Q: 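Below you will find the structure I want to go over with you.
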Amino acid sequence: MLDYPALAALLGVTPSAISQRVRGLEERIGAILIIRGQPCTPTALGSRLCAHADRVHLLEVDLAPLLPEADAGHAPTLRIAVNADSLATWFPDAVAGFSRDSRTLLDLVLDDESHTAARLRAGEVLAAVTADPEPAQGCRTIPLGAMRYAACASPAFLARYFPGGITAATLASAPHLRFDRRDTLQARWAMAAHGASLAGPTHFVPSAHAFLDLALAGLGWGLHPLALAAAHLAAGRLVELPPAQRLDVALYWTVARLHAAPLRRLTRDVAAAARRHLA
């Protein structure tokens with residue numbers, strides 16, 4: 001989204017000057033780049049052009065130390081796609097190390113690990129934590145390890161919905177949690193562990209920590225990163241659903257083949273953090 005007044009203040013010009021520059025660029029390219037409104041939003045081509053400008057700026061930052069009179073300007077930004085469970089567990093360790101050694105800023109885009117790679121292929125981001133092992137064109141893919149999940153519920157939930165134990169029928173009809181409509185982890189576990197097709201009430205909870213909080217509150221069962229659930233399991237606040245079968249989701253780091261030092265440093269720190277935290 002674009003805010004012309006804020007952008008004008010940043011550049012020290014008037015909002016009308018910004019509008020004229022954008023219109024001039026559109027006339028030169030022969031395509032609409034901005035959808036006018038409140039707020040303004042970029043078109044698909046406008047987004048690609050912004051991504052291209054970000055890549056060029058990254059390369060300029062690398063070059064600046066070699067040119068005494070050059071000014072690197074504002075800090076570059078790396079736009080990265082990452083899944084919510086990684087962001088809630090191991091990924092902050094990676095970016096904490098990166099931020100200590102770099103003035104580069106991060107723009108993190110949340111998406112399901114099965115769909116983050118699509119953002120990379122569309123040119124929306126420069127790198128992604130993804131479950132897709134296939135490299136995108138112009139990118140390289142690095143295996144990170146596996147995020148381990150446990151199927152959990154509160155003791156009260158188990159007593160209410162599975163008083164005689166878990167069967168395919170009782171599991172299929174019990175309330176469960178899903179992150180969003182693309183989240184298939186619960187369905188995969190139910191089929192693998194009990195041969196059950198889920199048909200019960202579904203709570204959609206698009207937050208890793210809220211997902212855990214609602215399981216603790218007894219609203220439903222769900223698959224939780226073991227890194228988040230382990231302390232609650234040890235304390236008895238959560239119980240694993242029999243047969244305590246864990247589910248591993250392999251993760252990969254797919255990154256643009258761009259010879260920019262910030263991207264190389266982030267790749268190094270992501271790989272190191274993954275080695276410390278992932279299975």
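This is a predicted model, so every value here is computed, not measured.
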Q: By the rule that ILVMFWY residues connect when side-chain heavy atoms come within less than 4.5 angstrom, directly or transitively, which residues belong alongside Leu105?
A: none
Q: When Ile80 is tested against each of Val270, Leu266, Thr116, Val95 for side-chain contact (heavy atoms from CB on, under 4.5 Å), which residue passes?
A: Leu266
Q: Mind checking salt bridge (charged side-chain N to carboxylate O under 4.0 Å, His left out) for Arg121 and listing every partner two or more places apart, or none if nothing turns up?
A: Asp132
Q: Between Leu247 and Arg188, does a side chain to side chain contact (heavy atoms under 4.5 Å, CB included) hold up when you go through it step by step?
A: CA-CA 9 Å; Leu247 179 66; Arg188 287 168 55 188; 4.0 Å; yes
Q: Once rounded to the nearest 0.5 Å, what's the spacing between atom CZ of Arg257 and atom CG of Leu126?
A: 14.5 Å
Q: If I take atom CG from residue Leu177 and atom CH2 from residue Trp221, how far apart are they, to the nearest 0.5 angstrom?
A: 9.0 Å
Q: Looking at residues at least two apart in the chain, or sitting in another chain, which of them share a side-chain hydrogen bond (donor to acceptor under 3.5 Å, both in side chains) with Arg182?
A: Asp111
Q: Please give the remaining members of the hydrophobic cluster of Leu233, linking ILVMFWY side chains under 4.5 Å, ordered by chain and number.
A: Leu212, Leu216, Leu226, Leu228, Leu238
Q: I'd like to check the side-chain contact (heavy atoms from CB on, under 4.5 Å) partners of Ala279; sequence neighbours left out, ordered by chain and number.
A: Ala146, Arg148
Q: May I ask you to decide if the ring planes of Phe162 and Phe157 are parallel, tilted or perpendicular, using 30° and 60° as cut-offs?
A: perpendicular
Q: To the nearest 0.5 Å, what is the distance between CG on Leu185 and CZ on Phe179?
A: 11.0 Å
Q: Any chance you could measure Ser86, atom OG, to Met147, atom CE, to the nearest 0.5 Å?
A: 4.0 Å
Q: Could you tell me the separation between the CZ atom of Phe91 and the CG atom of Leu251, rounded to the nearest 0.5 Å?
A: 11.0 Å
Q: Counting only heavy atoms not in Arg160 (residues, nucleotides, ligands), do more than 12 fall under 6.0 Å from its CZ?
A: no
Q: Should the heavy atoms of other residues, nucleotides or ligands under 6.0 Å from CZ of Arg276 be counted, would the total exceed 12?
A: yes
Q: Quick check on Arg237: does its CZ atom have over 12 non-hydrogen neighbours (other residues, nucleotides or ligands) under 6.0 Å away?
A: yes
Q: Among His176, Arg178, Gln186, which one satisfies side-chain hydrogen bond (donor to acceptor under 3.5 Å, both in side chains) with Thr202?
A: His176
Q: Could you pull out every donor-acceptor pair under 3.5 Å between side chains of residues 189-199 and any protein atom, sequence neighbours left out?
A:
unit_1, atom_1, unit_2, atom_2, d
Trp189, NE1, Gln245, O, 2.7
His194, NE2, Pro242, O, 2.8

